[in-house]
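Read the structure below first, then the notes.
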Amino acid sequence: MSKYAESVLASVKAKNANEPEFIQAVDEVLTTLGPVLDANPQYEQNAILERMVEPERVIIFRVPWVDDKGIVRVNRGYRIQMNSAIGPYKGGLRFDPTVNLSVLKFLAFEQVFKNSLTTLPMGGGKGGSDFDPKNSPHTPGKRCSDAEVMRFCQSFMTELFRHIGADTDVPAGDMNVGGREIGYMFGQYKRLANEWTGVLTGKALPFGGSLIRPEATGYGDVYFAENMLAKRGETFEGKVCAISGSGNVASFAAEKLLQLGAKVITLSDRSGAIYVKDGITKELLAEVMNLKNVKRGELSELANEAAGIKFFPKVNSWQLADKIDAAFPCARQNELNGDDAKYLLSHGCKLVAEGANMPSTPDAIAQFVGAKIMYSPGKASNAGGVATSGLEMSQNSLRLSWSREEVDAKLKGIMKAIHDNAWEAAAKYGHEGNYVVGANIAGFTKVADAMVAQGVC
C-alpha cells in the first residue's frame, strides 16, 4: 500500500471506528491503488482519497407510519449521497433490520466505483431503512401486508422526495425493495412533486420501467463470468455452479446459466439452502421465482426428497456439493467466509463471480486471489443492474422504450466493457488477471480525474 493510502485508511479507521463494513470496503479499495497513486501524484496533491472516502451528504430521518392495527410505528430512514463527480447520485434503497450507517456507507462507497465502471454518467449513492417487510411488528414471523408496506413507503418518500430528482439523485431497488415498493414510492413522489419524472428506476413497464431490468444484475453477473471464461477459451457448458440467494439476482443468474448449458445445484435464503444433485430444472426455478416473488415464501417449502430436492436449514450454499466449478454469491455482504473459500477451492472451484455487494470476506478474497482463480468483485460483476437502471433513465429522458433484445444487447456490451477495462487496468499496472486490482483502478481513475478537473468541491 502507498504511504498516502495508508495514512488515509488510518484516518478512516479513527473517524469511523464503529463502522466495520465501511472500513472493510475502504480497506479493500485503498490497498490496491498503490500503483496508480504512485504514477499520478496529482491525486494526493488534490486530496482525492480524503474527499472520496467522505460522503458529500448524509441524510438521516424518521419514518412514522401506521400498521394494520392502528398502532404508530417509527423507523429510521437514510440516504448517503457519496459522490457526484461523474453524474447524479445513483444507487439502491434497502429495507432490512440490518440497515445502519456503516452498511449504507459501504454500499454507497462501492457504488461510486461500480457506476464508474459501467461507462455511464452516474455518481454513487445508497439509502434505505431498518424497516423489515418480512416481519410484521404486530404479528412477529408474519410478513407485513401490502397496505402496511404502502403506508411505510409513502411516509419514507414524503421525506426523501425533497433530496432527490432526475438530475440530482435517482434511487432504485435493493434488498427487499422490488417492484411493489418502487411503485408505491414513485406514486408518492409524483403526488408530492406534481410531476412525472424518471426519479426512480426499477419501475414497472406501464409507467416507465425498462425491459430486462429485473433480470439485469443476474444476467450481467453471468455475462461478466462468460468473458472471464472466454479469456481462457472456455464456456459454461457442463459446468457445475453453486448460487447463494434466491431473489432476482440469484434466480436470473440461474436462468442464464441454464440457458448456457451449466448445471445449477444450489440456491438459498434466510431459512437455509436447497441442494439438487442432478441440477435445478427450469420448472423448479420457475417454482422458486413464484415462491419468492408472488407467495413471498421460504425455500424450505420446496423440500422434496423424492424429487431430489434436499433442504438444509440455516446453512449457505458453499459446502453442500462434492464438485463445484463456479460459485455465484448473490445474497448479501460477508456471506462467504474463509472456510467456505477453502472448501470451494479444494472441491474444484475455478471461478467466483460476485452477484451481491462485498459478499466475500477479506480472508476469502485473499484465498481466491492467492489461488489465481477467476475471481471478480461485486463492483465489477454485479454492475449489470445499475447499468440497466442507467438505460432506464435514458429511456425516460427520451420518452421512448427499447425492445428486450436492444436492452439485452446493450447490457452484454456494457459487461464486456467492464470486464475488458478491469483486465486492461490490471495488466497496465503489473497485475494481469487480477480483477480486484483492475476493477478498483479502472473505477477509481475515472472518478478521480473528474474530481481533479472540477477543482476543490
Side-chain angles (χ1 to χ4, degrees), residues 28 32 110 113-114 117-119 215-244 249-250 252-264 317-318 323-330 336 341 344-345 347-360 364-387 408-409 411-443:
E28 189 271 328
T32 64
E110 287 272 298
F113 304 103
K114 182 191 305 184
L117 286 167
T118 68
T119 72
E215 298 93 334
T217 309
Y219 278 16
D221 191 18
V222 177
Y223 290 153
F224 190 98
E226 257 196 309
N227 281 285
M228 289 198 290
L229 287 172
K231 275 286 183 185
R232 294 153 180 81
E234 300 180 43
T235 70
F236 272 113
E237 185 67 39
K239 285 187 168 51
V240 178
C241 301
I243 300 177
S244 66
V249 181
F252 286 115
E255 181 177 272
K256 182 55 64 176
L257 285 167
L258 292 182
Q259 292 173 9
L260 295 174
K263 181 165 78 170
V264 177
S317 295
W318 312 123
K323 174 182 169 55
I324 300 174
D325 296 312
F328 293 81
C330 296
L336 196 162
L344 289 170
L345 291 171
H347 287 75
C349 187
K350 294 289 188 282
L351 183 152
V352 177
E354 293 184 344
N357 294 297
M358 203 170 73
S360 304
I365 295 171
Q367 291 188 55
F368 294 145
V369 173
K372 298 187 183 304
I373 67 165
M374 293 170 276
Y375 165 70
S376 64
K379 67 172 65 68
S381 50
N382 86 353
V386 73
D408 195 30
L411 173 61
K412 282 183 181 179
I414 289 171
M415 296 314 297
K416 185 178 189 310
I418 294 172
H419 171 274
D420 293 350
N421 288 342
W423 180 275
E424 289 163 11
K428 179 179 178 180
Y429 290 98
H431 294 271
E432 184 169 315
N434 187 323
Y435 291 100
V436 176
V437 171
N440 286 343
I441 288 179

Inset, instruction - Nearest 0.5 Å please: distance from the CH2 atom of W318 over to the CD1 atom of I324. - result: 8.0 Å
Inset, instruction - Return yes if some donor-acceptor pair links the side-chain N/O of D325 with the main-chain N/O of V240 below 3.5 Å, else return no. - result: yes
Inset, instruction - Given side-chain hydrogen bond (donor to acceptor under 3.5 Å, both in side chains), test Y429 with N434 step by step and report yes or no. - result: CA-CA 10 Å; Y429 290 98; N434 187 323; over 6 Å; no
Inset, instruction - Take Y375 and V369, measure what side-chain contact (heavy atoms from CB on, under 4.5 Å) needs, and give me the verdict at the end. - result: CA-CA 7 Å; Y375 165 70; V369 173; 4.3 Å; yes
Legend entry - Side chain proximity check, N227 to W423, heavy atoms < 4.5 angstrom: no
Legend entry - Sidechain N-carboxylate O distance under 4.0 Å for E234, K350: no
Inset, instruction - Could you check if a side-chain atom of L336 sits within less than 4.5 angstrom of a side-chain atom of E354, using non-hydrogen atoms only? - result: no
Inset, instruction - Verify side-chain contact (heavy atoms from CB on, under 4.5 Å) between E255 and V222, making sure each step is shown before the conclusion. - result: CA-CA 10 Å; E255 181 177 272; V222 177; over 6 Å; no
Inset, instruction - If the plane angle is over 60° it's perpendicular, under 30° parallel, otherwise tilted; pick one for F224 and Y435. - result: perpendicular
Legend entry - CG-OG1 distance between N421 and T118, expressed to the nearest 0.5 angstrom: 10.5 Å
Legend entry - Any donor-acceptor pair under 3.5 Å from S317 side chain to I243 backbone: yes
Legend entry - Heavy-atom check, side chain of K428 versus side chain of I441, under 4.5 Å: no
Inset, instruction - Would you give the length of the straight line joining atom NE2 of H431 to atom OG1 of T32, rounded to the nearest 0.5 angstrom? - result: 8.5 Å
Inset, instruction - Quick one: closest heavy-atom pair of F236 and A326, and the distance? - result: CE2-CB, 4.4 Å
Legend entry - Atom pair NZ/NZ of K323 and K263 - distance to nearest 0.5 Å: 9.0 Å
Legend entry - Non-hydrogen side-chain atoms of H419 and Y223 separated by less than 4.5 Å: no
Inset, instruction - Taking all heavy atoms of Q259 and all of K256, pick out the closest pair and write down the distance. - result: OE1-NZ, 2.8 Å
Legend entry - Under 3.5 Å: donor-acceptor pair, side chain of D221, backbone of T217: no
Inset, instruction - Identify the two heavy atoms, one from S244 and one from C330, that lie closest to each other, and give their separation to 0.1 Å. - result: OG-N, 2.9 Å
Inset, instruction - Measure the spacing between CG of N382 and OG of S376 and express it to the nearest 0.5 Å. - result: 9.0 Å
Legend entry - Heavy-atom pair of closest approach, residues E110 and K379: OE2-NZ, 3.2 Å
Legend entry - For the student: nearest non-hydrogen atoms of V249 and G355, plus distance: CG1-O, 3.7 Å
Inset, instruction - Report yes if the side chains of L257 and K239 come closer than 4.5 Å at any heavy-atom pair, otherwise no. - result: no
Inset, instruction - With rounding to the nearest 0.5 Å, note down the distance linking CE in M415 to CD in E226. - result: 11.0 Å
Legend entry - Taking every non-hydrogen atom, the tightest pair across L345 and A371: CD2-CB, 4.0 Å
Legend entry - Parallel, tilted or perpendicular, as decided by the 30° and 60° cut-offs, for the rings of Y219 and F252: perpendicular
